[in-house]
Structures are given as C-alpha cells and as structure tokens.
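See structure below.
Residue indices begin at 1 and follow the sequence shown. Fair warning: this is a prediction, and the values are worked out from it, not measured in the lab.
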Amino acid sequence: MSCIINIYWVGFRKWVLSVAFLFSMTFYFGCIRMPNPDPLSQWKEDVGFSDDVYVYPFSDEISSPDVEIVLSVPAEMVLGTGGESGSNISAAIPPLKYNKEMLFMLSQDDCVQSAFCYTLAAINGWPLPVNDDQFYNYDQQRMGDFPPYTYKLENELFSTDGTGIPVRFSFTSTISPEDVRMTQAKKANPNYVKDYGRFKMQAMLSWNDVRQMINHGDSLAFHDKLTNDPNNHDTLILHFVKAQEVSLKNLNGRGIKMLVEPNGNKNYLYAGRKYSPLKIFTSSAGAEDIIPFKVNGDISGKLVNRYIPDSDLINFRQRVVSVAQTPVESRPAIGMLMHRTSNTFVSFLKWLYEQYGSGGDDSIWATSLEEYYEYSYNRCYADISMDQTLSSSIRVIKLRLKLPSAQNFYYPSVTVNIHGLTPEVANYLANNADAVIVSGPSVTGLSAAFKTLGFSYEYNRAAFLSGGSNQYVRYNSNESVLMINIKCRKNLVSNAGYLV
C-alpha cells in the first residue's frame with residue numbers, strides 16, 4: 001500500500017509542478033512582446049526606421065526669380081564718383097559661377113550603380129568599398145548595411161563659392177526610366193554576415209539611388225532607349241515622351257532636359273532636337289568644345305564634347321594639367337565620360353580636389369553640363385539693371401536681377417560681379433548690417449566677397465546701358481569686384497536640413 005501511495009504521490013507532485021510551470025509560462029508570455037519572425041522588420045522597429053524616402057519638391061521650384069539688392073556705401077568707396085550718376089560702377093554675370101577659372105563636367109553612362117556608391121560616395125565622404133566588385137545602394141546605405149570592408153576619404157570633395165562656403169563637386173548620371181530594373185534594388189540586411197551576395201552589382205541604379213543623387217544637386221540625362229528600332233526618329237521621340245513621364249512621376253516633378261548620345265548613334269541627336277524638352281547634348285564623337293570665356297550667347301541645342309579616359313586615368317590627369325596651363329580666357333571645358341567607376345576613379349577625384357578644388361588652388365567648378373547650361377542660359381537672358389543715387393556722403397546702389405523662366409530648370413543661382421568699388425567696401429558691408437538690404441522672397445541664400453579677378457571677360461550690359469542691344473563690355477584682368485552669389489532655390493533651407 002505504501003509503495004502504491006508513494007508512487008502516486010510522486011506522480012501527483014510531478015503533475016502539480018508541471019501544471020504550475022505551464023501556467024507560469026503562459027502568464028509570462030502573455031505579458032511581453034513575442035519575438036518578431038522577420039529580423040529586418042524588428043530592426044526597423046527598434047531604431048525607428050521609416051520607409052519613406054525624401055525627394056526635393058522639384059515640381060514646386062521657383063520660376064523666374066526676381067531679386068533686388070540695395071547697397072549703401074560711402075561715396076569715396078565708389079570709383080570715379082562725380083555727382084549724382086557719374087560713377088564707373090556696373091554689374092555683370094561672369095562666365096563661370098563663383099568666378100571660377102576652369103570648368104570640369106563629368107557624365108556617367110548606362111545608369112550604373114557605381115555612380116551612387118563610388119562617385120557620389122567619394123564626393124560626399126561616405127563609405128567606399130575596398131573591393132571594386134562590391135557595391136551598395138541607397139536602401140542599404142540608410143540602414144547602415146555596407147560591404148564588409150570600407151574606407152572613407154579624409155575630406156569631402158568640393159571647391160568653395162569664393163567666400164569660403166563649400167560647394168561639393170557634382171556630375172551627371174544617365175538613367176533608364178522605362179527599364180523595370182530601376183525598381184529592383186537589392187534588399188538590405190543589416191548585420192547579416194553569412195554571405196555578402198547582396199553587395200554584388202545590381203543591374204542599374206534604383207529609383208531611390210537616383211532620388212538621393214538629385215537631392216544632392218546632381219544631374220540626370222537620357223541615354224539609349226528600350227527599342228528595337230534605334231534609328232527611327234519618331235520611335236525615339238515616343239520613348240523620350242514615355243521616359244519623361246516616368247521620370248516626372250518618380251522624381252517629384254523632376255524632368256530631364258539633357259541627352260547623352262549613345263554609342264555614336266546620331267539618330268538620337270536628331271530625334272532629341274525634335275523633342276523640345278531636351279535642350280543640351282553631349283557626345284564623344286563629332287562634338288564641339290565649350291570655351292566658357294568665349295561663350296556670349298545661348299548654347300541651347302549644342303552637342304558638347306567629352307573625352308573617354310584611359311583605364312588608369314593617367315593620361316586624363318595630364319589633359320587636366322594641360323588645360324589648367326592654358327590662359328584662362330582660352331581654356332576649354334573638360335568633359336569626361338565614365339561608365340562603371342571604382343577606386344581608381346575615386347583616386348582621380350581626390351587628385352582633382354587636391355590640385356584644383358578646395359584642397360588645391362580652388363580654381364575649378366566641377367559641375368554637371370546641365371547646371372552649366374542653366375547658368376549660361378541665365379547669363380544670356382537675365383534682366384539685370386542698376387540704379388544709383390547720392391544722398392549726402394552715401395551712395396545708394398540698387399541692383400535688380402530677374403532670371404528667365406524656362407522648362408525643367410532646377411538651378412536658380414548666379415554670381416554677379418559689381419565693378420567699380422574699392423576694396424574697403426568689403427569690411428564696411430561686413431560691419432554695417434543695415435548697409436545691405438535684400439528685397440523679395442526669391443533669395444534663399446546669399447554670400448559675398450571682394451575679389452581680384454585673374455581673367456578678363458565680356459558681358460552684354462544691354463539691359464541697363466542705353467544704346468541698344470548686343471552691347472558687350474570687356475572687363476580687364478586684375479580688376480577688383482564685389483562678388484555676390486545669389487541662390488533662389490525655393491526649398492533650399494529644408495533640403496539642407498534633410499542633407500544634414
């Protein structure tokens with residue numbers, strides 16, 4: 001009997017303990033969050049990650065900004081002052097923004113992923129893959145999901161605006177809006193180290209990659225199209241129309257006005273010139289060099305030259321040096337064609353920065369052909385005028401500037417030189433805040449400095465000189481000017497906040 005009772009009792013105790021254990025486990029798990037079966041979703045939840053991707057509101061960009069700047073300076077700081085209107089003061093838009101002396105324009109073909117994770121990454125100081133066969137996209141970048149071995153350049157790559165404010169290098173990438181592969185980015189998987197297949201090169205840039213590029217001020221262009229009849233002009237125009245529709249939809253109203261001629265096929269050029277939104281073209285065959293200091297008219301429709309570098313880029317470095325040794329007024333723009341970029345190209349960009357960017361003599365404007373085209377167009381068609389009055393011993397100088405309105409323009413920014421002031425005016429304006437008045441809501445950024453120019457140039461002052469149109473005035477080398485950089489980008493501040 002006791003034996004039976006003992007066995008029963010032990011069994012009962014075990015049963016009771018088992019019931020108590022199950023009850024306590026059920027109660028415990030009922031009070032806490034169960035593990036998420038999707039590690040990536042769990043990671044997003046833990047760090048507060050949002051899937052929303054910011055895109056600058058291009059459809060809301062300002063059109064034909066109107067600017068008025070009033071300077072009040074002592075009369076003795078104005079050269080040639082003689083009575084009410086007898087000064088030698090005048091205003092002009094120089095050939096290159098920020099009064100730079102050399103123009104460098106990179107375009108990268110075939111919508112390649114390396115435009116994002118090598119070219120853009122080098123410029124902005126982002127991680128760079130050590131292995132040239134590894135890549136990452138924007139979705140991976142913003143989750144901190146990088147190839148296993150990366151490095152960063154010591155500096156971002158930029159020139160200054162002539163007043164000490166950095167202006168990052170920028171460039172053009174071609175895109176393929178009709179190709180579905182732009183929607184097929186490789187997925188991020190932070191902290192997954194079993195394999196790194198996700199860092200193999202994807203077919204092309206993703207739309208999110210491109211959105212990030214244009215947020216940073218880089219340019220886009222059309223290239224070859226998905227057609228079996230690339231020699232038919234009407235067919236190509238239909239593809240341009242479709243590609244434009246897709247671009248506007250995916251890029252918050254950002255349209256395309258530049259065409260990069262593919263594979264030397266001039267039919268693209270002929271068709272592109274029939275499609276009115278396309279305004280500027282580039283090719284490495286049958287094109288012309290742009291000499292910025294000899295451009296005094298509209299370059300719309302021009303086919304601008306670019307050069308194919310050697311594989312190690314040594315010869316191209318020599319080309320840049322050769323151009324830099326040419327007198328400023330005769331220097332051709334340096335157009336460069338790249339496809340897939342790698343650490344070799346990163347080294348070239350670093351060299352360019354150290355020689356001619358802020359790390360060197362700060363003489364280069366490294367930008368896109370599209371931005372240069374807009375600047376040149378604004379220089380050609382801007383309505384610029386000046387009024388002067390003499391009040392007691394103070395000369396009041398009123399500068400008015402109205403930029404032209406044009407389709408798909410996204411760089412409402414110019415440099416204006418005011419000639420005829422003495423160097424003392426710089427300190428005076430810096431120490432007298434009420435001596436500078438900027439009127440109108442168009443101006444979102446302004447910087448100024450007194451500069452001595454290392455070049456001569458011509459400018460059409462017909463807008464404010466009597467005597468008719470096409471009245472070009474030559475400004476001599478070694479003249480001192482008050483340089484004013486005017487930015488009118490409507491959402492400049494909010495975009496800067498996003499980038500920071």
If you take all heavy atoms of [X] and [Y], which pair is closest and at what distance?
X      : Y      : value
Gly301 : Arg273 : O-NH2, 2.6 Å
Arg254 : Ile214 : CG-CD1, 4.1 Å
Pro332 : Pro292 : C-CD, 4.4 Å
Thr163 : Asp161 : OG1-OD1, 2.7 Å
Arg181 : Ala203 : CD-CB, 3.6 Å

Would you kindly say whether [X] and [Y] are connected by a side-chain donor-acceptor distance under 3.5 Å?
X      : Y      : answer
Ser170 : Asp218 : no
Asn265 : Asn267 : yes
Gln113 : Tyr118 : no
Ser447 : Asn485 : yes
Tyr151 : Asn343 : yes
Thr341 : Gln108 : yes
Asn208 : Asn137 : no
Tyr411 : Asn378 : no

Identify which one of Leu369, Val304, Leu303 satisfies the side chain to side chain contact (heavy atoms under 4.5 Å, CB included) criterion when paired with Phe281. Leu303

Which distance, rounded to the nearest 0.5 Å, do you find between the [atom1] of [X] and the [atom2] of [Y]?
X      : Y      : atom1 : atom2 : result
Tyr410 : Leu251 : OH    : CG    : 9.0 Å
Arg317 : Asp310 : CZ    : CG    : 10.0 Å
Met102 : Leu352 : CE    : CG    : 7.0 Å
Met204 : Gln202 : CE    : CD    : 9.5 Å
Asp289 : Lys294 : CG    : NZ    : 11.5 Å
Ser64  : Asp383 : OG    : CG    : 9.0 Å

Sidechain-backbone polar pair: [X] side chain, [Y] backbone, donor-acceptor under 3.5 Å:
X      : Y      : answer
Tyr307 : Leu337 : no
Ser442 : Asp66  : yes
Tyr54  : Gln212 : no
Ser247 : Ala243 : yes
Lys100 : Ser159 : no
Asp110 : Val112 : no
Arg168 : Leu157 : no
Ser330 : Thr326 : no
Tyr372 : Phe104 : no
Arg474 : Ser456 : no

Under the criterion ring pair (Phe, Tyr, Trp, His ring centres under 6.0 Å), I'd like the reasoning laid out for Tyr475 against Tyr457: C-alpha separation, chi angles, the key distance, then a yes or no. CA-CA 5 Å; Tyr475 294 102; Tyr457 71 101; 5.3 Å; yes

Taking the side chain as every heavy atom from C-beta outward, state whether [X] and [Y] have any pair of such atoms under 4.5 Å apart.
X      : Y      : answer
Arg379 : Pro95  : yes
Met201 : Asp132 : no
Phe409 : Glu61  : no
Ile334 : Leu103 : no
Arg211 : Ser206 : no
Arg142 : Val53  : yes

Does [X] pair with [Y] as a salt bridge, N-O distance under 4.0 Å?
X      : Y      : result
Glu354 : Lys350 : yes
Arg340 : Asp133 : yes
Arg198 : Asp145 : yes
Lys490 : Asp60  : yes
Lys302 : Glu288 : yes
Arg306 : Asp109 : yes
Glu371 : Lys257 : no

Do the ring planes of [X] and [Y] sit parallel (below 30°), tilted (30 to 60°) or perpendicular (above 60°)?
X      : Y      : result
Phe116 : Trp126 : tilted
Phe199 : Tyr196 : parallel
His233 : Tyr270 : tilted
Tyr356 : Trp351 : perpendicular

Answer yes or no: are there more than 12 heavy-atom neighbours, outside [X] itself, under 6.0 Å from its atom [atom1]?
X      : atom1 : answer
Lys242 : NZ    : no
Tyr149 : OH    : no
Gln407 : CD    : yes

Evaluate the side-chain contact (heavy atoms from CB on, under 4.5 Å) criterion for residues Leu401 and Ile384: first the C-alpha distance (whole Å), next the side-chain angles of each, then the deciding distance (0.1 Å), finally the verdict. CA-CA 5 Å; Leu401 174 71; Ile384 183 170; 4.1 Å; yes

Is it possible for you to check whether Arg331 lies under 6.0 Å from the centre of the six-membered ring of Phe455, through NZ or CZ, and within 45° of that ring's axis? no

Quick one: are the ring centres of Tyr353 and Phe158 less than 6.0 Å apart? yes

Run the ring pair (Phe, Tyr, Trp, His ring centres under 6.0 Å) check on Trp365 and Tyr375 step by step: do they pass? CA-CA 12 Å; Trp365 184 23; Tyr375 181 83; 5.6 Å; yes

Worked verdict on Ser219 versus Phe171 for side-chain contact (heavy atoms from CB on, under 4.5 Å): CA-CA 6 Å; Ser219 173; Phe171 68 105; over 6 Å; no

So, using side-chain contact (heavy atoms from CB on, under 4.5 Å) as the criterion, who are the partners of Thr227 when residues are at least two apart? Lys225, Asp229, Pro230, Thr235, Leu236, His239, Tyr268

Report the C-alpha separation of Ile69 and Ile486 in whole Å, then their side-chain angles, then the decisive distance to 0.1 Å, and conclude whether the side-chain contact (heavy atoms from CB on, under 4.5 Å) test is met. CA-CA 10 Å; Ile69 300 174; Ile486 303 169; 3.8 Å; yes

